[in-house]
Amino acid sequence: MRTEHPSNRLFAVTGIAIRIAAIGHAWSLQSRFPALRTDADALLFSAKSFAAAMLAYYIALRAGVPKPSWAIVTVYIVSQNSAGASLSRGVYRFAGTVVGAVATVAIIPSFVNDPIVCSMVLAGWIGLCLTLSLLDRTARAYAFVLSGYTASLIGFPGVFNPAAIFDTASVRVQEISIGILCAVLVHRFVLPKRMTGQFTAKLSATLRDARRLAGDALRGNSGQETRRDRDRLAGDLLALQGLAGHLPYDPVPVTPSLETLQLIHDRLARLLPLATEVEERIHALRTGNHSLPDDLTALLGGLDCWFAAADAVGRDAGAIQLIHRARTVRTRIAADAVTVGDRLAANLAGHLAEMIGLLHECDRLERSLARAAARPPDSASHLRSGRATGYVYHRDPWMAARSALGAVVGIVIGCAFWIWSAWPEGGLAVSILGVCCALFGNVDTPAPNVVKYMAGSVVGVAVSLVYSFVVLPRVTDFAGLVAVLAPAFLVAGSLQARPPTAFMALGITLTIPILSGLGATYASDFAGSLNSIVALFAATGFAVVSMSLFQTIPVDAAIGRLLRLNRQDVRRRALGGGPDEAHWTSLMIDRTALLLPRLRLSGTSHPDVLDDTLHHLRVGHAAGRLHQAIRQVDADDGADNDGRIGNDGFELLTAIALRFGPGYRAEPSDAIALHRRIETLMARIAESPTVDRVRLLDLLIDLRFALGPSGAMNWENDR
């Protein structure tokens with residue numbers, strides 16, 4: 001049985017932590033085997049989390065806080081698989097907790113005389129926090145989640161007890177702060193798993209995927225293999241960004257600079273559509289009545305040798321030489337271009353120079369990270385690039401507001417039932433409902449995750465009852481308490497480290513400390529436990545129903561909305577609006593990454609959706625650049641061409657904007673008409689004296705390839 005003031009020293013907990021660390025070190029020796037490494041990582045995470053939880057519990061007991069079990073709960077919510085992620089999560093949880101507590105203290109007394117209005121305002125605050133978390137999409141989003149989470153936990157039970165709301169909020173911040181501190185310290189100093197190592201390993205894998213994609217393009221590979229490489233690279237970029245968000249919190253002397261990370265992303269993002277452009281041009285030149293010039297054939301052979309080079313010095317020198325050769329070939333062919341085949345060859349040489357430059361820059365940037373350089377490479381670049389853009393997140397205010405409104409409606413319905421029925425445990429039930437809406441409402445279909453959490457809660461309730469009425473009455477000291485809690489928490493913690501079982505494990509680790517009555521003294525209350533259990537399952541059950549009705553976005557609807565937004569943005573770029581090139585490319589890469597998991601969940605076959613997204617990306621990129629170029633030509637030498645190039649160019653772009661406008665139904669004849677417009681404009685530019693003739697022809701070739709598959713284009717009709 002636990003006493004009010006445990007006499008056990010902190011050294012007992014420290015000794016347990018040291019023994020756990022030794023076991024973790026032994027497990028880490030098996031890291032050469034992937035399956036064993038996964039198991040060892042999960043068990044080490046579980047051991048460290050349990051040590052942090054017991055340390056937090058001990059400190060909370062000594063500090064005399066009313067509910068020390070919340071310190072344990074906080075440890076398991078904050079703990080992540082790396083030291084950097086645990087610290088960032090702890091910082092954002094603390095910030096969210098403070099903001100949520102302050103908001104609750106401001107709301108409850110202001111509406112003390114009207115519980116329904118007070119509950120609606122609290123629900124509105126949770127909805128606002130959910131909206132902001134959905135719009136942010138970075139690691140910071142967790143602060144918004146916890147702000148709503150805290151308001152729900154503190155606010156609803158205090159609706160009918162407003163006098164104690166300040167004390168409740170203050171104590172809750174103290175309890176959570178203890179848990180955050182212990183989780184951060186243990187994960188940072190006991191066999192820390194550094195995020196920087198995970199990031200560099202993922203970056204190396206991503207660069208291998210990028211080189212594989214470039215190699216496929218040069219070899220003319222097509223079909224499923226190239227499509228898989230493109231999809232993998234898009235997913236890699238999103239995963240890298242997720243890891244990069246925690247790097248500033250990693251316990252290493254120097255972390256990669258933000259500009260370096262942005263430069264890497266910009267180059268890899270541009271490489272994804274560029275590989276397809278190179279592949280299509282090689283295919284068009286090899287399958288048509290054209291032939292590759294000898295120097296271009298030699299350049300492609302040199303590229304094969306460069307890809308095979310292993311040493312960094314050889315790759316650097318080879319890249320510089322190849323870039324110079326590609327630019328020389330482009331200049332020579334473009335100067336003497338007469339046929340469409342010549343223009344295609346010049347266009348291909350320019351894209352090859354850009355591809356080599358992208359890969360070369362990525363190699364240099366990766367080496368700078370390996371050397372822990374805090375500054376990016378010098379400004380000398382083979383690429384035409386300005387300020388780094390970095391990853392651009394797709395944000396959809398309408399969808400975020402829709403999901404948040406659904407959460408508000410569900411919470412308000414729950415509050416109405418609680419208040420009008422005068423259910424004594426209704427405040428607890430609604431607070432759990434609000435927690436579910438805050439924690440699980442950041443996906444299209446949150447109900448399945450709540451079901452997993454509910455399944456874990458069933459296990460947690462069963463274990464809690466055994467602890468409360470069978471095991472804990474026999475415990476007489478803190479060391480014994482740690483020993484009897486270890487089996488359940490170690491198993492649950494190892495499950496929490498594995499993504500497929502994380503939500504279920506969360507249901508276990510959050511339920512046991514609270515329902516077991518892990519307070520300063522042992523106090524069994526079967527009736528109170530039973531009421532809490534009823535409130536828990538009533539709340540989670542209603543959360544499943546309300547989320548299914550009000551917060552679920554059908555996967556096909558989400559896919560359709562992303563595609564509509566793509567078309568809308570292509571139209572804007574064709575008309576001269578929208579973001580710049582790097583921003584546009586990164587935005588479309590993020591949308592591709594968002595489509596990948598949705599397509600796997602969709603019951604409808606969408607074989608061409610990702611191809612459509614790449615099509616939208618390329619058309620928007622080419623149309624936006626062409627709009628800028630034509631406007632510049634009109635400004636520079638409009639008098640020399642009587643404005644005809646500008647007029648024809650803007651008419652072409654207007655026709656493209658109409659094609660991607662709302663309600664447009666494409667016909668085969670429309671595509672033919674667009675290609676005819678491009679042919680006519682190319683012929684006019686080829687005969688004009690404009691100094692930007694080569695650039696405009698290149699952009700029109702890019703646009704024509706982007707508008708349709710190269711096999712459907714009849715390049716022989718061009719002059």
> May I have the step-by-step check of side-chain contact (heavy atoms from CB on, under 4.5 Å) for E361 and L263, ending in yes or no?
CA-CA 9 Å; E361 290 268 322; L263 288 169; over 6 Å; no
> Identify the heavy atoms of M355 and A275 that sit nearest to each other, and give their distance.
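Smallest interatomic distance, heavy atoms only, reads CE-CA, 3.8 Å.
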> Among T613, D209, D611, find the residue that satisfies the side chain to side chain donor-acceptor pair (under 3.5 Å) test when tested with R230.
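Result for side chain to side chain donor-acceptor pair (under 3.5 Å) with R230: D611.
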> Would you check if Y393 and L135 make a side-chain contact, meaning some heavy-atom pair closer than 4.5 Å?
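Side-chain contact under 4.5 Å: no.
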> What pairs of residues pass the side chain to side chain donor-acceptor pair (under 3.5 Å) test when at least one of them lies in residues 232-247, not counting sequence neighbours?
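Passing the test, one end in residues 232-247: S88-H246, K202-D236, D229-R232.
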> Can you tell me how far apart CE (M588) and CG (L562) are? Round to the nearest 0.5 Å.
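Between atom CE of M588 and atom CG of L562 there are 9.0 Å.
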> Under the side-chain contact (heavy atoms from CB on, under 4.5 Å) criterion, do Q551 and V408 qualify, and how do the steps go?
CA-CA 10 Å; Q551 289 182 257; V408 171; over 6 Å; no
> Does the structure place the NZ or CZ of R93 under 6.0 Å from the centre of the six-membered ring of Y142, at an angle of no more than 45° from the ring's axis?
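No, a cation-pi geometry is absent between R93 and Y142.
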> Over all heavy atoms of both residues, which pair between L271 and A210 is shortest? Give the atoms and the distance, please.
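Distance-wise, the nearest heavy atoms are CD2-CB, 3.5 Å.
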> May I ask you to test the L272-T592 pair for a side-chain heavy-atom distance under 4.5 Å?
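A side-chain contact under 4.5 Å is absent here.
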> Nearest 0.5 Å, what's the CD-CG distance between E279 and L348?
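Between E279 CD and L348 CG, I get 12.0 Å after rounding to 0.5 Å.
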> Side chains of Y249 and Y92, heavy atoms from C-beta outward: is any pair under 4.5 Å?
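A side-chain contact exists here, since the closest heavy-atom pair is under 4.5 Å.
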> Is there a donor-acceptor contact under 3.5 Å from the side chain of H627 to the main chain of A623?
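Side chain of H627 to backbone of A623: no pair is present.
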> Looking at H621, R618, H351, which hits side chain to side chain donor-acceptor pair (under 3.5 Å) with D702?
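With D702 as partner, side chain to side chain donor-acceptor pair (under 3.5 Å) holds for just one option, H351.
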> Tell me, do V145 and C129 make a side-chain contact under 4.5 Å, heavy atoms counted?
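No - every pair of side-chain heavy atoms lies 4.5 Å or more apart.
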> I'd like to know if the side chain of S368 reaches the main chain of L365, judged simply by a donor and an acceptor atom lying under 3.5 Å from each other, with no hydrogens or angles considered.
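Side chain of S368 to backbone of L365, a donor-acceptor pair under 3.5 Å: yes, one is there.
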> Test your reading of the model: is there a side-chain donor-acceptor pair from H187 to the backbone of L87, 3.5 Å cut-off?
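No.
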> Are D363 and R211 close enough for a salt bridge, meaning some N to O gap below 4.0 Å?
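Yes.
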> Do you know the tightest heavy-atom contact between W584 and N566?
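Answer, listing the atom of W584 first, then N566: CH2-O, 4.3 Å.
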> Under the side-chain contact (heavy atoms from CB on, under 4.5 Å) criterion, do D590 and V392 qualify, and how do the steps go?
CA-CA 7 Å; D590 184 53; V392 176; over 6 Å; no
> Do E366 and I264 make a side-chain contact, defined as non-hydrogen atoms from C-beta onward lying under 4.5 Å apart?
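Of all side-chain heavy-atom pairs linking I264 with E366, none is under 4.5 Å.
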> Start with the C-alpha gap between D41 and N81, add the side-chain angles, then the distance that decides, and say whether side-chain contact (heavy atoms from CB on, under 4.5 Å) holds.
CA-CA 8 Å; D41 287 345; N81 283 322; over 6 Å; no
> Does the side chain of S494 come within less than 4.5 Å of F45's, by heavy atoms?
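No, their side chains stay 4.5 Å or more apart.
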> Counting distance only, does the side-chain N/O of T501 pair as donor-acceptor with the main-chain N or O of M504 below 3.5 Å?
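Side chain of T501 to backbone of M504: no pair is present.
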> Of all residues at least two apart in sequence or in a different chain, which pass the side-chain hydrogen bond (donor to acceptor under 3.5 Å, both in side chains) check with T196?
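D250.
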> Look up atom CG in D396 and atom CZ in R591, then write down how far apart they are to the nearest 0.5 Å.
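These two atoms lie 8.5 Å from each other.
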> Spell out, as yes or no, whether a donor-acceptor pair under 3.5 Å connects the side chain of D266 to the backbone of T389.
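Yes, because the side chain of D266 sits within donor-acceptor range (under 3.5 Å) of the backbone of T389.
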> Checking salt bridge (Lys or Arg N to Asp or Glu O under 4.0 Å) for the pair R228/D231: CA distance, chi angles, key distance, verdict?
CA-CA 5 Å; R228 281 196 302 269; D231 298 347; over 6 Å; no
> Under 3.5 Å, is there a donor-acceptor pair between the S49 and S46 side chains?
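No pair is found: no donor N or O on one side chain lies under 3.5 Å from an acceptor on the other.
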> Under the salt bridge (Lys or Arg N to Asp or Glu O under 4.0 Å) criterion, do R270 and E581 qualify, and how do the steps go?
CA-CA 9 Å; R270 173 59 187 146; E581 296 171 30; over 6 Å; no
> What are the two closest heavy atoms between G434 and I411, and how far apart are they?
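Looking at all heavy atoms of both residues, the shortest contact is CA-CD1, 4.0 Å.
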> On the 0 to 90° scale, with breaks at 30° and 60°, tag the H265-Y391 ring pair as parallel, tilted or perpendicular.
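Answer is tilted, since the angle falls between 30° and 60°.
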> What's the spacing between R364 CZ and R267 CZ if we round to 0.5 Å?
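One gets 9.0 Å once the value is rounded to the nearest 0.5 Å.
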> For the backbone of S133 and the side chain of R137, can you confirm whether one donor and one acceptor N or O come within less than 3.5 Å of each other?
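Flag not set: sc R137 to bb S133 has no pair under 3.5 Å.
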> Mind listing the closest non-hydrogen atom pair of S546 and G410 along with its distance?
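Closest heavy-atom pair between S546 and G410: CB-CA, 4.1 Å.
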> Rounded to the nearest 0.5 Å, how far does OG of S152 lie from CG of L433?
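Going from the CG atom of L433 to the OG atom of S152 covers 7.0 Å.
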> Could you pull out the closest heavy-atom pair between A269 and T585, with the gap in Å?
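In this case the closest contact between A269 and T585 is O-CG2, 3.5 Å.
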> Looking at T552 and M547, would you say the former's side chain and the latter's main chain have a donor-acceptor pair under 3.5 Å?
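Such a contact is found between T552 side chain and M547 backbone.
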> Taking R571 for the side chain and G661 for the main chain, is one N or O donor matched with an acceptor at less than 3.5 Å?
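Looks like no, no N/O pair under 3.5 Å.
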> Keeping the roles fixed (side chain from R194, backbone from A83), state whether a donor-acceptor pair exists under 3.5 Å.
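Checked: no pair found.
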> Can you give me every donor-acceptor pair (side chain of residues 438-449, partner residue at least two apart or in another chain, under 3.5 Å) with its distance?
| from | atom 1 | to | atom 2 | distance (Å) |
| --- | --- | --- | --- | --- |
| D444 | OD1 | R598 | NH2 | 3.2 |
| D444 | OD2 | R598 | NE | 2.6 |
| D444 | OD2 | R598 | NH2 | 3.0 |

> Would you call C436 and T540 a side-chain contact if the rule is heavy atoms closer than 4.5 Å?
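SC-SC contact between C436 and T540 confirmed.
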> Taking the side chain as every heavy atom from C-beta outward, state whether Y453 and V544 have any pair of such atoms under 4.5 Å apart.
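Sidechains of V544 and Y453: no contact.
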> Rounded to the nearest 0.5 Å, what's the gap from CG on L587 to CG on L617? Could you check?
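Nearest 0.5 Å value for the CG-CG distance: 9.5 Å.
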